[in-house]
Structures are given as C-alpha cells and as structure tokens.
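Reviewing the structure listed below.
Order of the sequence lines fixes the chain letters, A, B, ..., with proteins taken first and strands second; residue numbering starts at 1 for each chain. Side chains are part of it too, since the values below use all heavy atoms of this structure and drop only hydrogens, waters and symmetry mates.
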Amino acid sequence: MTGPARTRIAPSPTGDPHVGTAYVALFNYALARKTGGQFILRIEDTDRVRSNTASERMIFEALSWLGLDWDEGPDVGGPHGPYRQSERQEIYREHVELLIERGAAYPCFCTRERLDALREEQRRTKAAHLGYDGHCRSIPPEEAVRRRAAGEPHVIRLAMPREGESVVHDLLRGEIRIANAQVDDQVLLKSDGHPTYHLANVVDDHLMGITHVIRAEEWISSLPKHARLYEAFGWEQPVFCHLPLLRNADRSKISKRKNPVSLNWYRRAGYLPEALLNYLALMGWAMPDERDEFSVGELIEVFDLEKISLGGPVFDLEKLTWLNGRYLRNLGTGDYLSRLREGVLSDAYVAEVIPLVRDRVDRLGDFMEYAAFFFTNGADYDEAARKRLVLKDRTPPQSAKILRKLLEDTLDPLMEWTAKSVEAALRAHCEKAGLSPKELFMPVRVAVTGRAATPPLFETMAVLGKEICRTRLRSAIETLRGMK
RNA sequence: GACCCCAUCGUCUAGCCAGGUCCAGGACACCGGCCUUUCACGCCGGCAACACGGGUUCAAAUCCCGUUGGGGUCGCCA
C-alpha cells in the first residue's frame with residue numbers, strides 16, 4: 001500500500017555501537033527493502049566534544065557485519081549528501097536564519113550560569129514544568145540583531161507557541177496531544193554554531209526525502225517541537241513511528257550496567273549476525289505463522305510496520321543464546337569452520353596471541369592450555385583468583401567499587417583500545433583515584449584473565465579486546481560483591 | 001513532581017483494530033520422560049498469563065472510563 005519508503009538510521013558516534021541502534025536500523029531497513037525504497041545512514045555528530053571517528057568507524061563495521069547495507073551514507077555518498085551532520089553546518093545556519101525571519105526562532109544570550117540557576121530554582125521549588133523561561137524571547141529584534149553582530153555569545157531557540165496544543169500522529173499509537181505550554185523553547189543552534197538534534201534531524205530528514213521516521217520511543221515527547229519546525233518551514237511531515245525501547249530485566253531502558261549493549265561484544269562473543277538480527281526482530285515483531293526462526297529476507301517478504309507491538313520488550317540474552325545455538329547447529333562443518341575462522345580462531349587473532357605466549361610455552365601441545373583465556377568468553381575465578389581480586393588492605397566490597405569506577409569512568413569511554421592507550425588510561429586512572437599501579441594492576445589482571453600469571457597486562461588487554469575485558473571486569477565485580 | 005507512552009504465562013509474543021470458534025495458542029527458561037556408554041542436541045509431556053474496578057453488550061482478553069503498575073521525557077546529549 002505504501003510507495004517506496006526512504007528511511008534512515010541516524011546514530012551518534014559517541015561510544016561503542018549500540019544494540020539499540022541495530023534494533024531500530026533493522027526495522028528501518030526492513031521497511032525500505034519491503035517497499036523498494038532506500039535505507040540511509042546518517043551520522044549525527046553534532047556533539048563536537050563527544051563525537052569521534054573511532055566510534056563512527058565502529059558503527060560502519062557493526063552495521064556491515066549485520067548485513068544492514070545502506071544505499072546512501074557518508075562512505076558511499078548519494079544524491080543528498082553530505083551524510084555527516086558536521087559537514088552540513090552551512091545548511092543549518094541558513095535554515096535557522098529563515099526561522100528567525102519568520103519569528104519561529106530567536107537568539108538567546110542567557111549564560112550557562114543563569115540557566116543552571118534557573119534549573120536549580122525550578123527543581124527546588126518543584127515547579128510544575130521545568131525548562132527555559134523564555135527570558136530572551138522579549139528582547140526587541142533590533143537589539144538582538146545588534147548584540148549578535150557585536151559577537152555576543154548566544155544560541156538560537158525555538159519560539160514555541162505558549163497556548164494551544166500540538167496534535168501529532170504516530171503510526172503505531174495514533175494521535176498524541178501535548179499542550180504547548182508543556183514544551184519549552186529548545187535550543188536549535190548551539191553557541192558553537194552546530195545544530196542540536198531537533199533542528200538537524202528535521203532539516204536533514206526533509207532535505208534527504210525521508211518518508212518514514214522510525215526511531216525510539218524516547219523521542220515522543222519532543223514531537224511537538226519537530227512538528228512546529230515542519231510547520232514553520234512549510235514542509236510536509238514524514239510518517240512518525242516510535243518503536244518501544246529495549247529493556248533490562250528490571251524493565252528500565254537497556255543499559256550497559258545491566259546488559260551487554262555493544263554490538264562489538266556480540267560479535268566477539270560469537271553470536272552470528274543472522275541470529276542477532278532474528279532475535280532483535282522478535283522484540284516486537286511476530287511472523288504470521290508465529291515461527292521464531294526466520295531470516296531478514298523472510299521478514300522483509302511479509303513485513304508490515306503497523307504490526308509491531310508496543311510493550312517494551314525485555315532483552316533476554318538467554319533466548320538469544322538459544323537461538324544462536326540453533327543457527328550454529330544448522331551450519332555444516334565447512335561453514336562452521338569458516339565462522340570460527342572469521343572470529344576467535346582467525347589467523348589474525350591467533351597471530352596476536354602468539355607473541356604473548358611463545359616465551360612461556362615449550363610445547364605446542366601446551367599452547368591452548370596456557371592461552372585458554374584468550375579463546376573463551378567469560379572468566380571464572382577459582383579460590384586463589386578470588387583472593388587476588390581483592391586490593392591490598394581493602395575489603396571485597398571496596399575492591400568492587402574501585403573496579404567499577406575504573407570500568408565506568410576510564411575504560412568504558414576509551415574508544416581507542418591498544419596496549420598504549422590502555423596503559424595510559426590505567427595509569428591516569430591510578431593517579432586520579434589515588435591508587436598505586438602495583439595495588440591496582442594485579443586485581444585487574446586477575447579480573448580480565450582469571451589468573452595471576454599472565455603475559456604483560458596491557459598487551460593482554462589489548463588482544464582480548466575491550467568487550468571481553470569489560471564483561472570479565474563486570475563479573476569480577478559481581479564476584480567481589482558476593483564475597484562481602 | 002509535571003507531561004506523554006504502555007499493560008496477555010517469570011521472559012518474548014499470537015489473539016485485540018472488524019466482540020462469540022480462547023475455561024487463551026507458540027517460543028525461551030523451569031520440571032518430568034524418551035533417545036543415549038556420558039554430556040549436549042533432538043523428541044514427547046507438564047507448570048504457567050488476559051493487572052484491578054466499573055461501564056457498553058445477549059456475549060469482552062478484545063470496545064469505553066477510572067485506578068494501579070511499569071517506562072520515557074523534562075540538557076547548548078542524541
């Protein structure tokens with residue numbers, strides 16, 4: 001019934017490629033393929049301090065690994081480029097001026113201090129709705145022009161109507177009505193000249209001819225802002241479709257504290273891309289014949305966006321693992337071998353392990369035994385290892401806390417994962433946390449390998465990779481918590 | 001707190017839009033059995049849900065309202 005749909009996945013390259021990105025990408029991909037349209041990859045790197053190219057590269061790799069190939073994107077180009085928002089600054093600037101002319105946006109000169117104080121005050125007095133108070137909206141236009149010309153730092157805000165309500169339509173939920181008074185004057189253009197999501201997303205979706213905006217549920221509350229922008233520009237709205245959020249077992253939105261969320265981890269741990277995709281599709285989609293196992297191709301054949309269910313699905317690693325096992329068992333020995341050799345048993349990987357192991361092993365037959373922890377997913381800690389997980393003069397809970405800080409403050413944000421960068425990060429962390437390398441490094445070694453005698457720590461961590469290190473650190477932390 | 005979204009087995013879901021065929025079907029997990037030198041796979045069987053209260057109707061898991069519960073948003077992050 002629908003014509004060719006142009007859909008997009010628009011990830012922000014600010015961290016490890018996320019399983020939620022794959023989930024949303026899958027349904028965007030399915031609709032585009034089902035309707036004979038296009039699926040576009042757009043990089044939303046307008047947060048200049050957090051965006052990084054390592055993260056962008058990992059997004060490309062992860063989506064390619066999954067086989068969600070895009071028709072237009074930063075790497076392959078296309079008729080509506082550039083597909084990297086940081087390269088579209090001029091476009092946003094022009095559009096924002098248009099909005100100012102039309103009275104739909106205005107410059108705001110409020111300082112961060114004033115904004116912080118305002119927020120603080122609103123929180124303290126438990127104001128009914130939080131948000132910008134419209135202070136700069138009353139500045140006379142001539143004065144605003146003069147101050148901008150004088151180079152006074154400012155942002156551009158959306159002039160949201162204060163009365164009435166916005167009625168927006170969601171494909172799955174129908175009409176959504178939100179009082180305009182609930183919506184504050186969002187920043188559209190930051191003081192560094194880069195747009196925020198709200199502006200960039202509306203402008204790009206329009207310019208790129210996106211027909212269906214399929215994204216996560218967390219965007220529903222900013223729908224009025226987006227609707228207002230389409231209206232102010234005089235553009236027709238795309239179809240909006242908000243997918244439910246993937247959840248942790250406790251039903252909160254999926255997070256790395258409670259679930260593996262990096263696509264790199266699934267790849268490294270030996271999940272097959274077709275199994276992951278199949279499982280992700282099960283989160284909201286059911287085949288007409290209710291079968292659990294199907295390919296993306298089979299999904300596309302019968303796909304219907306409107307049949308997605310809305311309850312926030314709990315991501316169940318156990319069921320994914322079962323599904324993955326089914327896929328694995330269906331592989332012939334030859335295919336199985338190639339999968340192994342694309343992954344943990346690739347020549348490249350084994351070649352990285354050899355230099356770390358060769359001095360420590362005298363017979364090839366002893367290689368696997370010594371190097372076993374390079375080839376397994378988890379780590380288990382025997383009695384001796386458990387003891388060495390504890391830092392000198394600390395209790396197990398204290399040690400758990402220290403390792404957790406290391407993981408969350410230092411290792412998680414580390415995008416470049418090499419022996420050098422890991423060493424630098426670890427040493428810097430010691431400095432910051434007031435710990436000596438000597439007291440911290442042994443527990444870390446045991447946490448990531450399960451053993452006290454290993455090749456040099458940084459090289460070992462580099463070869464193991466971030467994903468394995470982080471999951472083992474997490475299980476070490478859990479182990480320590482259980483020791484009390 | 002305000003606003004918005006959601007609500008079928010512990011979990012993923014079918015059924016709901018077009019009310020009766022649903023004392024609710026499938027899958028994961030769990031339990032039992034079969035197969036088997038072991039384990040696993042596989043097969044068979046079992047346990048287990050329409051959140052609650054009103055209303056509409058001859059009839060409600062399905063429609064309406066309320067309550068409760070869960071989630072999201074309230075950033076010069078996306």
Side-chain angles (χ1 to χ4, degrees), chain A residues 10-15 18 20-21 43-51 85 108-112 115-116 118-119 122-132 153-157 165-166 168 170 172-201 215-225 242-254 279-293 306-323 325-326 328-330:
Chain A
S12 177
T14 51
H18 201 274
T21 302
I43 296 293
E44 308 231 333
D45 56 350
T46 54
D47 182 337
R48 298 316 294 156
V49 323
R50 291 202 301 156
S51 294
Q85 291 185 328
C108 167
F109 304 92
C110 289
T111 60
R112 215 166 280 260
L115 262 18
D116 290 344
L118 178 67
R119 225 181 325 265
Q122 287 174 339
R123 250 189 264 276
R124 199 176 55 76
T125 60
K126 298 193 176 358
H129 48 92
L130 317 173
Y132 185 60
H154 66 281
V155 300
I156 306 297
R157 284 183 186 273
E165 65 176 1
S166 293
V168 283
D170 176 275
L172 297 172
R173 298 154 213 266
E175 248 175 32
I176 295 173
R177 320 178 78 96
I178 298 175
N180 292 143
Q182 291 294 329
V183 186
D184 72 331
D185 288 357
Q186 247 303 318
V187 170
L188 298 176
L189 202 69
K190 309 180 219 180
S191 52
D192 67 1
H194 287 275
T196 57
Y197 172 86
H198 306 281
L199 205 227
N201 142 76
R215 69 229 308 180
E217 188 178 15
E218 51 192 338
W219 292 108
I220 289 179
S221 48
S222 35
L223 223 30
K225 298 168 187 174
H242 292 88
L243 264 21
L245 252 15
L246 260 22
R247 311 286 188 91
N248 297 314
D250 64 4
R251 301 213 166 266
S252 54
K253 136 171 148 178
I254 197 166
Y279 180 71
L280 252 13
L282 252 16
M283 308 269 85
W285 172 264
M287 277 304 212
D289 63 2
E290 294 186 55
R291 90 196 110 119
D292 282 297
E293 294 175 62
E306 300 190 43
K307 290 233 163 71
I308 289 175
S309 64
L310 292 177
V314 171
F315 189 91
D316 181 6
L317 192 60
E318 207 163 8
K319 185 162 181 179
L320 165 60
T321 303
W322 162 79
L323 229 204
R326 300 273 307 181
L328 239 23
R329 272 170 237 122
N330 283 335

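- Proximity of A/R247 to the phosphate of B/G71: no side-chain N or O atom is located under 4.0 Å from OP1 or OP2.
- Salt-bridge annotation for A/R173 and A/E217: present, with a side-chain N of the basic residue lying under 4.0 Å from a carboxylate O of the acidic one.
- Here, B/C43 and B/U62 have their C1' atoms 36 Å apart, quoted to the whole Å.
- Contact annotation: A/T46 side-chain N/O to B/A78 OP1/OP2 distance is under 4.0 Å.
- Put simply, A/R119 has a side-chain N or O that comes within less than 4.0 Å of OP1 or OP2 on B/G75.
- Within the 4.0 Å cut-off from OP1 or OP2 of B/U13, not a single side-chain nitrogen or oxygen of A/K319 is found.
- Put simply, A/K253 has a side-chain N or O that comes within less than 4.0 Å of OP1 or OP2 on B/U73.
- Neither OP1 nor OP2 of B/C6 sits under 4.0 Å from any side-chain N or O of A/R251.
- Nucleotides B/C34 and B/A40 have their P atoms positioned 14 Å apart, rounded to a whole Å.
- Rounded to whole Å, the C1' atom of B/G20 lies 6 Å from the corresponding atom of B/A59.
- Rounded to a whole angstrom, the distance from the P atom of B/C22 to that of B/C41 is 33 Å.
- The interatomic distance linking A/R291 (CZ) with B/C12 (C1') rounds to 17 Å, in whole Å.
- Annotation: B/C39 and B/C30 have their P atoms spaced 16 Å apart (nearest Å).
- Base pairing of B/C43 is made with B/G33, judged by Watson-Crick or G-U wobble geometry with both donor-acceptor distances under 3.5 Å.
- Nucleotides B/C9 and B/G25 place their C1' atoms 12 Å apart, quoted to the nearest Å.
- Ring geometry, A/F109 versus A/H154: the interplanar angle falls from 30° to 60°, so the pair is classed tilted.
- Atom C1' of B/A60 sits at a distance of 13 Å from the matching atom of B/A24, rounded to the whole Å.
- Contact detail for A/H198 and A/S222: the closest heavy-atom pair is CE1-CB, 3.6 Å.
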